[in-house]
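Everything below concerns the one structure shown next.
Predicted, not measured: the structure shown is a model, and the values here were computed from it.
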Amino acid sequence: MRRALALAVLGGVLAACRAPKPSNLEASGASPSSRYAPAEDVPGCRLYGEPQAVGRVPLVLAEMSGLAASVRHPGVLWAHNDSGNAFQVFAIDETGKPLATLTLTGADPEDMDLEDIALGPCAPGDARTCVYLADTGDNFERREQVRLLRFPEPEQVTDATLAVEELPFTWPDRAHDCEALVIEPGTGRPVLITKEGDSLGEVFALQGLAPGSVARASHLGTLRSPGNVDRRTTAAALHPSGQRLLLRTYTRVWEVRRPGASRMEELIQGPVVEVPGASQAQSEAITWLPGDAGADRSYLIGSEFAGQRLYRVDCR
């Protein structure tokens, strides 16, 4: 969601004020990591370490609103700006170093509000990998129709001009502001988590997306933090196993875990637990980083402001 600088800074200050007070464990000098619940019976880290600064958001991503690790190019991350900027996607590394600029065509950028980016099959069963952009920002919840934009992941990391496909859809109930998109690894089905003031979001799945037709999202459920202490999901990342889902908010990072889950319907029935995060102004980006056989993976979190630190969280 695009904001004036003063408003965004104010939001960051308010978010910091709402951040939880240190627990007794933290006050005693014990490692903060020990307060996070270990993951059992799911692929990936059992326990995460503390966030480590690895770089900074580059100037070309002064309003970075989405971040996703490349499938074809190890070490490359695809990122984009919020609304009001050029219709482009950038390749960077995890330090924030710009590697390439993709200039996009084929969709009218007027009133476009890009909020997240994800990679997955170009279609169910397709071996090709596509980049998906969520044009789903809707601050005042007035848009009758929103859309995903899709293009094949480039074979080379170099400056290029690429055409996108428009995949319009509607919500089944009412207009939603939405800033989080993931693609199911097995099915290639896009799943969106809306930005709600009373929960971590409503979860919707999309099927039957195609250029020239308007699909209708289906509601899968609602995500809530323990005690409903946090709200407004700004980004999400789905583990390649489909058994872990990261949710970023303005103040925290949460993970949904469900051993054996193969569909989002199953995963969102699992517990929601807090995992390590870092204080960032206007935090709106998160992605898994490649790991051994898709198992032990780190994650990277980013901010909407150029110059803000990028943090990597590894296994302990």
Side-chain angles (χ1 to χ4, degrees), residues 18-26 30-51 116 118 178-187 189-205 218-278 283 286-289 291 294-301 311 313-316:
R18 291 194 298 269
K21 295 180 180 179
S23 65
N24 292 334
L25 180 63
E26 291 170 300
S31 169
S33 293
S34 60
R35 71 186 176 93
Y36 299 115
E40 305 289 357
D41 302 320
V42 291
C45 297
R46 183 174 183 273
L47 282 170
Y48 296 110
E50 290 304 300
D116 206 3
C178 178
E179 299 191 9
L181 166 70
V182 299
I183 309 295
E184 283 186 340
T187 66
R189 182 176 61 157
V191 176
L192 298 121
I193 300 98
T194 62
K195 185 179 182 182
E196 305 292 342
D198 60 357
S199 71
L200 288 177
E202 303 296 331
V203 184
F204 292 90
S218 58
H219 186 244
L220 303 184
T222 305
L223 288 167
R224 298 187 188 278
S225 61
N228 209 29
V229 298
D230 196 17
R231 303 164 182 83
R232 300 186 186 280
T233 293
T234 60
L238 182 61
H239 192 274
S241 69
Q243 299 175 47
R244 311 173 78 133
L245 173 69
L246 293 172
L247 303 171
R248 187 70 168 115
T249 70
Y250 288 124
T251 57
R252 296 172 174 147
V253 180
W254 301 93
E255 186 173 64
V256 188
R257 302 168 178 167
R258 182 76 184 272
S262 61
R263 306 269 293 183
M264 189 63 70
E265 292 92 328
E266 301 168 0
L267 177 58
I268 62 175
Q269 299 304 315
V272 179
V273 299
E274 188 177 359
V275 293
S283 49
I286 191 166
T287 186
W288 293 101
L289 297 173
D296 294 338
R297 294 197 171 217
S298 308
Y299 57 89
L300 192 75
I301 51 179
Y311 289 92
V313 178
D314 296 312
C315 298
R316 283 182 67 183

Legend entry - Atom pair CG/OG1 of Leu200 and Thr233 - distance to nearest 0.5 Å: 4.5 Å
Inset, instruction - Hey, could you give me the CD/NZ distance between Glu179 and Lys195, rounded to the nearest 0.5 Å? - result: 3.5 Å
Legend entry - Gln243 side chain near Arg257 side chain, heavy-atom distance below 4.5 Å: no
Legend entry - Donor-acceptor pair, side chain of Trp288 and main chain of Pro240, under 3.5 angstrom: no
Inset, instruction - Heavy atoms only: give me the nearest Leu238-Pro185 pair and the separation to one decimal. - result: CD2-CD, 3.6 Å
Inset, instruction - Using side chain to side chain contact (heavy atoms under 4.5 Å, CB included) as the criterion, point out the one residue from Val256, Thr187, Val191 that pairs with Met264. - result: Val191
Legend entry - Partners passing side chain to side chain contact (heavy atoms under 4.5 Å, CB included) against Arg224 (at least two apart in sequence or in another chain): Ser199, Thr222, Asn228
Inset, instruction - Would you name the heavy atoms of Cys45 and Asp314 that are closest together and state the gap between them? - result: SG-C, 4.4 Å
Inset, instruction - Kindly write out the residues that satisfy side-chain hydrogen bond (donor to acceptor under 3.5 Å, both in side chains) with Ser218, not counting sequence neighbours, or none if the list is empty. - result: none
Inset, instruction - Return the minimal non-hydrogen interatomic distance between Tyr36 and Glu50, and the atom names on each side. - result: CE1-OE2, 4.2 Å
Inset, instruction - Working to the nearest 0.5 Å, report the span between CD1 of Ile286 and CG of Asp116. - result: 10.0 Å
Legend entry - Heavy-atom closest contact (Leu245 atom, Leu223 atom, distance): CD2-CD1, 4.3 Å
Inset, instruction - Mind checking side-chain hydrogen bond (donor to acceptor under 3.5 Å, both in side chains) for Arg263 and listing every partner two or more places apart, or none if nothing turns up? - result: none
Legend entry - Under the side chain to side chain contact (heavy atoms under 4.5 Å, CB included) test, residues paired with Pro51 that sit two or more places apart: Pro276, Ala278, Tyr311, Val313
Inset, instruction - Classify the ring geometry between Tyr48 and Tyr299 as parallel (under 30°), tilted (30 to 60°) or perpendicular (over 60°). - result: perpendicular
Legend entry - Counterpart residues, salt bridge (Lys or Arg N to Asp or Glu O under 4.0 Å), relative to Glu266 (two or more places apart): none
Legend entry - Contacts of Arg244 that satisfy salt bridge (Lys or Arg N to Asp or Glu O under 4.0 Å) - sequence neighbours left out: Glu255
Inset, instruction - Just jot down the side chain to side chain contact (heavy atoms under 4.5 Å, CB included) partners of Ala118, sequence neighbours excluded, or say none. - result: Leu181, Ile183
Inset, instruction - Output all residues satisfying side-chain hydrogen bond (donor to acceptor under 3.5 Å, both in side chains) with Thr249, sequence neighbours left out; order by chain, then residue number. - result: Asp230
Legend entry - Smallest separation among heavy atoms of Asp41 and Pro259, with atom names: O-CB, 3.4 Å
Inset, instruction - Check side chain to side chain contact (heavy atoms under 4.5 Å, CB included) between Ser283 and all other residues, then give those that pass, not counting sequence neighbours. - result: Arg248, Tyr250, Gln280
Inset, instruction - Indicate the atoms forming the closest heavy-atom contact of Gly242 with Leu267, along with that distance. - result: O-CD2, 3.7 Å
Legend entry - Under the salt bridge (Lys or Arg N to Asp or Glu O under 4.0 Å) test, residues paired with Arg189 that sit two or more places apart: Glu184, Glu265
Inset, instruction - Could you tell me which residues satisfy side-chain hydrogen bond (donor to acceptor under 3.5 Å, both in side chains) with Glu196, sequence neighbours excluded, listed by chain and number? - result: Arg174, His176, Thr194
